[in-house]
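For reference, the structure is listed below as structure tokens.
Since this is a predicted model, take the numbers as computed values, not measurements. FYI, side chains are in, hydrogens and waters are out, and symmetry mates aren't considered; it's all heavy atoms of this structure. Each chain gets a letter, A, B and so on, in the order the sequences are listed, and its residues count up from 1.
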Number of protein chains: 2
Amino acid sequence: MGLGSEAGKNKRHRDRETGTLGKLVSLLDFVALADGPMRFTDILSLSDQPRGTLHRQLSHLVEEGLLEVDRDGRYRIGLRLLTLASRSWARNEFRAIAEPHLHRLQEVTGETVHLGVLRGAEVIYLDKVEGQQSVRMYSQVGNASPAYCTGVGKAALSVLDDAELTERISGLEYRPYTEHTLRSPSELLSDISQIRARGYAFDLEEHENGICCVAAPIRSDDGHMLAGVSVTGPAYRVTQQRLQAWAPRVVVAADSIMMDMRNRMGPKR
Amino acid sequence: MGLGSEAGKNKRHRDRETGTLGKLVSLLDFVALADGPMRFTDILSLSDQPRGTLHRQLSHLVEEGLLEVDRDGRYRIGLRLLTLASRSWARNEFRAIAEPHLHRLQEVTGETVHLGVLRGAEVIYLDKVEGQQSVRMYSQVGNASPAYCTGVGKAALSVLDDAELTERISGLEYRPYTEHTLRSPSELLSDISQIRARGYAFDLEEHENGICCVAAPIRSDDGHMLAGVSVTGPAYRVTQQRLQAWAPRVVVAADSIMMDMRNRMGPKR
DNA sequence: AAATTACGTTCCGAATAATGGAACTTTTCA
DNA sequence: TGAAAAGTTCCATTATTCGGAACGTAATTT
């Protein structure tokens, strides 16, 4: 499945998925990614399925509450997905362990704090604690962003060994979100070697113009779970000096989360 | 599928769902509802599936990112669900239209504001705007609660005609969450007739001890989408007088949301 | 208003995927 | 180390999905 397809609005839905579930989830994804609710024909024209097949697939998804269809025949994502996701989010151990530390970090800095985990070459934000006077950012819980242009992502990548790092960041499309976005593996590798040296990462308007952050890595004992914490704010308020000053705090928060994980989830993980 | 099964911890997973998708989603739901991550054998013992079948089903769910399995063989909900849900939440028209009104209401009252939609006899919370000094409540976006014991739920029910109302609230289990929870259809109907008369609903510690709210209904022009807005807070701070005083504001917010829907989504809906 | 077209739904033989018992491998524990 | 439990793979059987075509219905045109 081709991810990172925020550009590919008119992407056709013809992933050749294996298995019944794969096809249906891919269809679900397709409807979820669309700009708005789609009518049957809209989906059909972007799909390689015959009418009958598509109709039955959509019906099944609706039957399970994964999709909803209004009286105008427009399909959109169903609320069951939201319920399912929220329940699992609330019970997520890692998030729960990290939460108090995120709040503490938020209070100390006054800016927005993020918790994200690395999945492949993407960061998925697991939690977010906003400051009072927070500027609206294009970020939210559950949002997936490329690792190479986010503080949390680069921090998490930095703890990988060279072999796996190279594997993960090769074959990516280095989309220039801003003029500061890193544009190649070599630029990323060079940044990461700095991150390794100092123990924390910066994002200086690399993902979104006017937004900066400082982030520190978190990893489970077995090294199989990679994550990061960050403090983020608007560039006019969050100068590089302030980021620098916060860095030790962010690292302490990350380390505390790791300690708590060790204690609460058993050591050999 | 029996919802509201917070009591049914040891519920077996043997819904006889129809179709491949139904079985898999039911399994997904089962794992999501569990108290914590489950190992293969745990699921097997609570399932009526043969080992081979269950193993393959779980593998398929993992393959699609709907479940994740750690090195100890423990299954939990995958992050893909969170990503999918968050994306659709962000793009939800209704939520987006309501958002500014929710914030305004929050600022006026200083307390937490909820937006919820009615699905059957349950309310699913679509959005929540917290006050600064907010007490942690058992409520969150995506959470599903029985309509009969929540302000939003009762408000939404109140705009139904008697026939559909009776149909929806019959056959429910009236679980007494607190000593103030309504315990029967007749109690609910009597409350609802009052709500109809005054145009807004109260929840006086009916769902959670120490939590009160006032709520007003929202419905689309065709009456097929029922929802509600509420202002919620701790009983020691939120007296019945204050609720009463806020009621007109809540009703105005609800009506404004309806107006905006009419304008933004076309009238005949 | 009648005819036409587009849209959505249902049907059923053929093709495909899921089932589940058993054999097999790996891990755990005494 | 041996034995039991846990987890995985295999494959003939069974059930489900596929998809073309026929059918009904609403929107549009003449």
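Every residue two or more places apart in sequence or in another chain was checked for a side-chain hydrogen bond (donor to acceptor under 3.5 Å, both in side chains) with B:R219, and none qualifies. Remark: B:R196 engages B:D162 in a side-chain hydrogen bond (donor to acceptor under 3.5 Å, both in side chains) (not counting sequence neighbours). A:S88 meets the side chain to side chain contact (heavy atoms under 4.5 Å, CB included) test with B:I77; sequence neighbours excluded. Judged as a side-chain hydrogen bond (donor to acceptor under 3.5 Å, both in side chains), and not counting sequence neighbours, A:D42 has no contacts. Legend: residues meeting ring-ring contact (aromatic ring centres under 6.0 Å, His included) with B:H55, ordered by chain and number and at least two apart, are B:F40. Looking at residues two or more places apart in sequence or on another chain, you find a side chain to side chain contact (heavy atoms under 4.5 Å, CB included) between B:A201 and B:K154, B:A155, B:I195. Here B:D255 pairs with nothing under the side-chain hydrogen bond (donor to acceptor under 3.5 Å, both in side chains) rule; sequence neighbours left out. Annotation: side chain to side chain contact (heavy atoms under 4.5 Å, CB included) contacts of B:T53 (sequence neighbours excluded): B:Q49, B:P50, B:R56, B:Q57. The side chain to side chain contact (heavy atoms under 4.5 Å, CB included) search around B:E63 returns A:T18, B:H60, not counting sequence neighbours.
Base engagement by A:R51 is indicated by at least one non-hydrogen atom pair under 4.0 Å involving a base atom.
Reading DNA chain D from its 5' end, the first and the last nucleotide to sit under 4.0 Å from a heavy atom of chain B are D:dA6 to D:dT17. If you walk DNA chain C from 5' to 3' and mark each nucleotide with an atom closer than 4.0 Å to a heavy atom of chain B, the marks span C:dA18 to C:dA23.
Heavy-atom distances to DNA chain C give each of A:G73 and B:R56 a nearest nucleotide, and the one nearer the 5′ end belongs to A:G73. Residues A:G19 and A:T53 both approach DNA chain C. Their nearest nucleotides, taken by heavy-atom distance, put A:T53 toward the 5′ side.
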Derivation of the side-chain contact (heavy atoms from CB on, under 4.5 Å) call for A:L61 and A:Y75: CA-CA 10 Å; A:L61 289 170; A:Y75 291 85; over 6 Å; no
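Recorded end-axis angle for the helix from C:dA1-D:dT30 to C:dA30-D:dT1 stands at 40°, based on five pairs per end and rounded to 10 degrees.
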